[in-house]
Number of protein chains: 2
Amino acid sequence: MDIAHRTTDQQKPAEQRRRELLEAADRVVLRDGPKASMNAIAAEAGITKPILYRHFGDKGGLYRALATRHTDALLASLRAALDAPADRRRRVESTLDTYLASIEAMPQVYRFLMHPAEESHQSEQGFDVGRHSAPLLRRMGEELGQVIAERVDLGPAAEAQARIWGHGIVGMMHAAGDWWLGERPCSRAELVRSLADLLWGRLAEAEDRPGGPGF
Amino acid sequence: MDIAHRTTDQQKPAEQRRRELLEAADRVVLRDGPKASMNAIAAEAGITKPILYRHFGDKGGLYRALATRHTDALLASLRAALDAPADRRRRVESTLDTYLASIEAMPQVYRFLMHPAEESHQSEQGFDVGRHSAPLLRRMGEELGQVIAERVDLGPAAEAQARIWGHGIVGMMHAAGDWWLGERPCSRAELVRSLADLLWGRLAEAEDRPGGPGF
DNA sequence: AGCAGTACGTTACTTGCGGTAACACCAGTC
DNA sequence: GACTGGTGTTACCGCAAGTAACGTACTGCT
């Protein structure tokens with residue numbers, strides 16, 4: 001009588017299957033980069049293409065599902081560092097370090113998250129710049145902005161200010177981390193310290209260099 | 001008789017040809033986004049694919065040539081703002097505003113520059129994270145770092161610090177700009193002011209919010 | 001039992017793009 | 001006239017995304 005009463009036989013496999021597929025996709029993507037083919041992923045999962053399409057719609061869907069998993073994981077660890085009971089400078093440094101440690105530990109994951117390899121949504125004729133550059137950055141920016149708004153007293157227009165700062169700080173962290181990961185010009189601790197110093201206004205405090213260029 | 005005297009209808013200096021092709025490519029890319037096909041570009045230029053390949057090698061080559069043009073232009077205008085004779089805060093605000101005005105004026109160009117749409121170099125098995133995320137960011141970061149090192153007195157370890165700050169600030173500008181361009185949550189002037197405030201240490205100065213969350 | 005529905009799975013196909021080979025035309029040069 | 005080097009072309013290959021059509025097993029319903 002109960003239509004929706006799928007006994008354990010079929011319901012579990014549905015969601016569990018999806019997990020298996022995602023894990024297989026994960027392996028392939030982490031091995032071959034964002035240009036892993038659907039065929040390769042299907043082969044790794046021991047099945048064929050159409051099944052992937054039934055589960056995820058299109059390649060973008062699969063990648064989005066994959067990205068969401070990793071993004072959630074990273075955001076969770078960042079939240080932990082961000083919410084720790086310590087003074088602000090400590091929290092900032094801890095969060096920076098957590099992020100950098102993550103991308104250092106799994107550069108392939110990081111690379112994948114930051115490069116969705118063109119979702120190609122083609123939404124209309126317009127060129128909505130947004131959402132193309134990795135949703136991970138946006139999510140981190142929004143969350144950080146929220147935390148700032150909650151915990152820091154910014155006077156009037158606090159909300160707008162906090163969001164701007166959230167996205168700005170996340171961008172700073174991201175770009176510096178990306179560059180650092182590529183060139184390794186210094187230790188992680190030094191990088192963390194320098195970035196925190198930057199946020200602490202040391203650029204504004206520093207003196208002009210004596211004998212500037214042509215001036 | 002004269003070698004340089006070609007009949008007007010054909011046989012142009014070949015470098016000018018390249019320019020024409022680049023301009024055609026520009027039009028198409030700015031219209032169709034980074035996924036513009038070589039066929040489309042060739043059609044826009046009034047010729048066919050193989051010619052493009054003779055000139056630029058592969059799609060990556062064409063896109064690199066295109067990106068270089070725009071990147072050079074943007075960097076030039078940023079340098080102007082950065083080198084203006086004014087106090088530091090003024091220069092910072094002016095540079096931020098110049099950048100934001102540029103991406104606001106030509107979001108398609110901006111989008112293209114930040115999303116080379118996977119060059120797919122496939123260099124070996126490794127995953128060199130670098131250089132995938134738009135060389136524009138790297139170049140801006142390096143230049144800014146250099147300017148900081150030249151004009152600001154940072155004491156010991158100045159060089160490393162300056163480069164870190166350069167990339168960090170550029171990343172801040174980029175991420176905030178990207179987000180702002182997508183959501184338009186405030187005016188450009190407000191954004192500039194907030195970001196400059198952030199760099200001026202206002203995050204560090206601000207008081208804790210009274211009655212924090214659950215604590 | 002027999003029938004529909006549905007999720008799982010396959011093979012085989014279409015479409016479109018990056019890239020290339022082979023060929024054709026047109027100048028000036030020996 | 002034959003040779004060379006630039007312009008251009010058409011026609012093709014390989015490969016990946018995405019789809020259609022078909023087959024199969026298990027379910028509950030009558």
Pi-cation contact, Trp165(B) with Arg163(B) (under 6.0 Å, within 45°)
no
Pick the nucleotide of DNA chain C nearest each of Asn39(B) and Ile47(A); which residue has the one closer to the 5' end?
Ile47(A)
salt_bridge(Arg138(A), Asp178(B)) N-O dist < 4.0 Å
yes
Arg17(A) vs dA7(C): side-chain N/O to OP1/OP2 distance below 4.0 Å:
no
Can you check the Ile51(B) CD1 to dT10(D) P distance for me, whole Å?
10 Å
Starting at atom CE of Met38(B), determine the distance to atom C1' of dG19(C), rounded to an integer number of angstrom.
9 Å
Check the distance between dA16(D)'s P and Tyr63(A)'s OH and give it to me in whole angstrom.
12 Å
Heavy-atom nearest nucleotide on DNA chain D taken for Pro50(B) and for Ser37(A); more 5' hit belongs to Pro50(B)
Could you state the atom-to-atom distance from CG of Asp58(B) to P of dC17(C) in whole Å?
17 Å
His55(B) side chain, from C-beta outward: closest of dG19(C), dT7(D), dG9(C)
dT7(D)
Spacing of Glu20(B) atom CD relative to dT7(D) atom C1', expressed in whole Å
13 Å
Has Thr48(B) got a side-chain N or O lying under 4.0 Å from the OP1 or OP2 atom of dG8(D)?
no
Base of dG8(D), side chain of Arg54(B) - is there a donor-acceptor contact under 3.5 Å?
yes
Has the side chain of Lys59(B) got a donor or acceptor that lies under 3.5 Å from a partner of the other kind on the base of dG19(C)?
no
Spacing of Leu52(B) atom CG relative to dT20(C) atom C1', expressed in whole Å
14 Å
Spell out, as yes or no, whether a donor-acceptor pair under 3.5 Å connects the side chain of Glu23(B) to the backbone of Glu20(B).
no
Rounded to the nearest angstrom, tell me the gap between atom NZ in Lys49(B) and atom P in dG16(C).
13 Å
Checking the side chain of Arg188(B) only, and the main-chain atoms of Glu104(B) only, is there a donor and an acceptor separated by less than 3.5 Å?
no
Whole-Å distance separating the OH atom of Tyr53(B) from the P atom of dA22(C):
18 Å
